[in-house]
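Reading through the structure tokens given below for one structure.
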Protein chains: 2
Amino acid sequence: MKRATIEDVAALAGVSRQTVSRAINDKGEISPATKEKVMAAVQQLGYQPNRQAQSMVTQRTQTVGLVIPDISNLFFPEVARGVQDTARKHNYNVLLCNTDDDPDEEIRMLHSLAAQGVDGIIIIGNAADQVTTQTFADSYGPIVMVNRFFDHPNVNIIIVDNEQGAFLAVEHLIQQGHVKIGMLANKNFSRSQVRRVRGYEKALTENGIPYDEALIVGASPTLEGGYNALNQLLGEHPEITAVFTYNDLMGIGAIRAAHDLNKRVPQDLAVVGFDNIGLSSIFIPSLSSIHVDKYEIGQRAMNRILNMLDTPNKSFAPIELPVTLIPRESST
Amino acid sequence: MKRATIEDVAALAGVSRQTVSRAINDKGEISPATKEKVMAAVQQLGYQPNRQAQSMVTQRTQTVGLVIPDISNLFFPEVARGVQDTARKHNYNVLLCNTDDDPDEEIRMLHSLAAQGVDGIIIIGNAADQVTTQTFADSYGPIVMVNRFFDHPNVNIIIVDNEQGAFLAVEHLIQQGHVKIGMLANKNFSRSQVRRVRGYEKALTENGIPYDEALIVGASPTLEGGYNALNQLLGEHPEITAVFTYNDLMGIGAIRAAHDLNKRVPQDLAVVGFDNIGLSSIFIPSLSSIHVDKYEIGQRAMNRILNMLDTPNKSFAPIELPVTLIPRESST
DNA sequence: ACCTCCATCGTGAGCGTTCACGCCAAGTTT
DNA sequence: AAACTTGGCGTGAACGCTCACGATGGAGGT
């Protein structure tokens with residue numbers, strides 16, 4: 001069974017293609033009577049316009065690319081849902097790309113998305129070849145970056161208040177009486193990584209605790225990364241009684257590592273994470289964290305893309321999302 | 001900067017469009033010399049063929065739809081990665097759709113994918129309006145279903161050995177000395193749900209333990225669902241010493257619930273889950289589970305789609321994936 | 001010298017839309 | 001009554017590509 005074309009509808013309704021088009025996209029210039037007639041024919045044939053053909057002439061594919069490190073990382077599914085749900089509301093499709101934090105892979109993904117002809121791109125995460133990004137921003141449509149910085153008329157940014165979040169987390173640990181506070185950081189360079197370290201440092205120094213880089217150990221921002229990093233940190237600095245981790249996955253990995261070392265959490269080691277993923281409230285002990293509205297990030301990113309598409313030359317203010325501390329069992 | 005077209009390349013290389021096309025898709029009928037010349041022009045202009053235009057004539061969009069309940073559910077990201085990585089290797093794109101286990105939403109998604117013109121569809125999970133599926137299978141391209149059954153030449157299926165998995169899980173609990181074994185089931189109807197209950201029943205009866213439906217309580221297959229379900233089950237049947245859960249998320253929810261009831265796992269309550277998601281080995285206590293190769297599911301589903309696309313009239317055997325028991329702290 | 005043949009390349013059409021026009025009749029103005 | 005407007009609709013072209021042909025030319029055979 002072949003798919004109906006606009007021509008078929010036109011024939012059945014006894015009008016021209018253009019009239020059918022007018023009826024469907026109701027851009028006026030059509031009488032109610034003929035419109036009804038056309039719509040009946042559309043219904044009867046189950047006609048749906050061919051997206052590819054539409055794209056050819058409108059130069060819009062109704063598709064955006066979403067580039068993330070890894071959808072298996074618990075942070076990103078929620079963001080992706082935010083993007084997808086919003087996209088779908090506006091008849092947009094989302095092409096998901098995983099970079100695994102590999103800059104080369106990211107570049108490949110960007111090229112692939114360009115070839116596919118997406119209307120806009122949302123990029124989250126670390127990797128970033130500045131040159132490629134520049135090229136894209138110059139010759140391409142709207143780009144929204146999350147937790148990354150890039151100054152370009154085609155590029156908008158969304159950031160969460162990483163420094164403040166880290167500050168709140170560490171200050172909380174200090175208020176609980178901790179002094180020897182380590183940090184499990186992200187070994188990959190990223191803007192959020194830098195800001196979270198800065199917040200960590202700020203909380204310490206503002207409370208008269210010397211900042212010691214040796215207490216920061218980097219690892220991959222995963223369960224395993226956190227597990228290994230805590231072992232390393234406690235091996236080198238057994239005096240530590242609390243850790244702030246780059247994200248919740250590392251925090252949970254750290255709790256597990258402490259458990260395997262026969263250390264009780266929080267009595268022997270307090271842990272505070274970042275991102276407040278769904279798992280953290282369930283884990284035993286539940287993990288204190290900095291709440292970030294991940295779904296909202298996705299929503300706002302997608303909406304921003306749509307706005308930029310609507311008004312190409314308007315410039316938009318960066319979006320900064322607030323964070324809050326959620327104290328739980330792992331630190332109280 | 002406008003994107004280069006095939007015409008631009010042709011002009012620069014001093015040949016015709018067709019020759020450029022021949023050079024790019026190397027379908028023979030071209031001399032090495034001109035091919036080289038064309039490729040140089042392609043390189044120089046950074047030419048990439050327009051996908052929409054290609055689709056118009058080839059009737060292939062190089063895109064497949066992946067319909068899942070919810071990407072936030074830890075089971076699906078791995079499957080999605082399997083699909084995406086495989087797709088990307090073959091120059092395919094993946095359109096991800098979340099149904100939230102809502103049959104109406106699933107139907108809407110299928111229509112949306114049809115309108116988009118995907119080359120094939122992969123569907124995972126429960127919901128299923130038989131009529132719509134039938135319509136699609138009839139008029140549409142290849143469909144691969146995971147853990148669902150549908151007999152149709154256009155439809156291929158991939159199933160994991162759910163019954164055997166459940167059997168292994170429950171038998172394991174019995175071997176640990178448990179007799180009062182409950183089950184936290186999926187309240188949504190699904191093929192895997194039915195099979196896992198059957199495996200549960202089989203293990204009990206084969207070991208001379210009476211099967212009692214009252215020991216099965218249904219809930220949504222999530223952390224919260226497992227949490228609530230265990231509370232309910234222990235409220236009604238405090239004699240229970242072990243539970244088999246529909247999936248790992250429910251298992252972890254159950255462990256958390258037991259913890260909040262001051263029950264020790266596994267001493268007071270043993271738990272075995274299903275799916276072996278990455279989290280289960282990290283959780284405290286780590287969760288025994290039935291291992292399912294989720295990434296492989298995605299890979300095979302995508303490959304099967306490609307096979308069906310290549311040889312439209314060939315019929316393929318269903319794929320059945322084995323499962324294995326991974327005993328961990330929660331039951332030993 | 002002629003014809004044949006194959007390798008190489010170009011030409012027109014068409015995929016299904018939308019956009020910029022142009023046309024026509026009926027109503028409105030002067 | 002002639003001229004002007006306007007709502008309603010149709011026509012050709014264009015988007016960028018591939019496919020089925022047709023054209024060309026030089027190598028080879030007779």
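Note on naming: letters A, B, ... go to the chains in the order of the sequence lines (proteins, then strands), and numbering restarts at 1 for each one. Bear in mind that the values here come from a model prediction, so they are computed numbers and not experimental data.
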Residue [X], side-chain atoms from C-beta onward, closest of [options]:
{"X": "B:R22", "options": "C:dC9, C:dG16, D:dG16", "answer": "C:dC9"}
{"X": "B:S31", "options": "D:dC9, C:dC9, D:dC15", "answer": "C:dC9"}
{"X": "B:Y47", "options": "C:dG10, D:dC17, C:dG16", "answer": "D:dC17"}

OP1 or OP2 of C:dT18 under 4.0 Å from side-chain N/O of A:N25: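 For A:N25, the contact criterion (side-chain N or O under 4.0 Å from OP1 or OP2 of C:dT18) is met.
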Residue-phosphate contact under 4.0 Å: A:Q52 side-chain N/O, C:dC15 OP1/OP2: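 False: A:Q52 side-chain N/O out of range (4.0 Å or more) of C:dC15 OP1/OP2.
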Side-chain donor/acceptor of A:N73 to backbone N/O of A:F76, under 3.5 Å: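 Checking the backbone N and O of A:F76 against the side chain of A:N73, no donor-acceptor pair under 3.5 Å is found.
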Set of ring-ring contact (aromatic ring centres under 6.0 Å, His included) partners for B:H111, sequence neighbours left out: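 Result, ring-ring contact (aromatic ring centres under 6.0 Å, His included) vs B:H111: B:F136.
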Sugar-phosphate only, base, or nothing, as touched by B:Q18 at under 4.0 Å among non-hydrogen atoms: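 Answer is base: heavy atoms of B:Q18 come under 4.0 Å of a base.
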Touch class at under 4.0 angstrom, heavy-atom based, for B:T34 against every strand present: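 The residue B:T34 makes sugar-phosphate contact but no base contact.
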[X] has an atom [atom1]; how far is it from atom [atom2] of [N], in whole Å?
{"X": "B:L45", "N": "D:dG16", "atom1": "CG", "atom2": "C1'", "result": "15 Å"}
{"X": "A:Q48", "N": "C:dT17", "atom1": "CD", "atom2": "P", "result": "11 Å"}
{"X": "B:N50", "N": "D:dC17", "atom1": "CG", "atom2": "C1'", "result": "8 Å"}

Distance-only donor-acceptor check, side chains A:D138 and A:H152, under 3.5 Å: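 On atom types as modelled, these side chains qualify, holding a pair under 3.5 Å.
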Distance-only side-chain donor-acceptor flag, A:D119 / A:T61, under 3.5 Å: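 There is such a pair between these side chains.
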Option among B:I123, B:V67, B:L110, B:N154 that satisfies the side-chain contact (heavy atoms from CB on, under 4.5 Å) test with B:I143: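 Output: one option passes, namely B:I123.
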Residue pairs passing the salt bridge (charged side-chain N to carboxylate O under 4.0 Å, His left out) test where at least one lies in residues 79-96 of chain A, sequence neighbours excluded: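 Residue pairs with at least one partner in residues 79-96 of chain A: A:R81-A:D85, A:R81-B:D70, A:R81-B:D100.
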Residues within residues 5-17 of chain B bordering DNA chain D, heavy-atom distance below 4.0 Å: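 Per residue number, the list reads B:T5, B:I6, B:R17.
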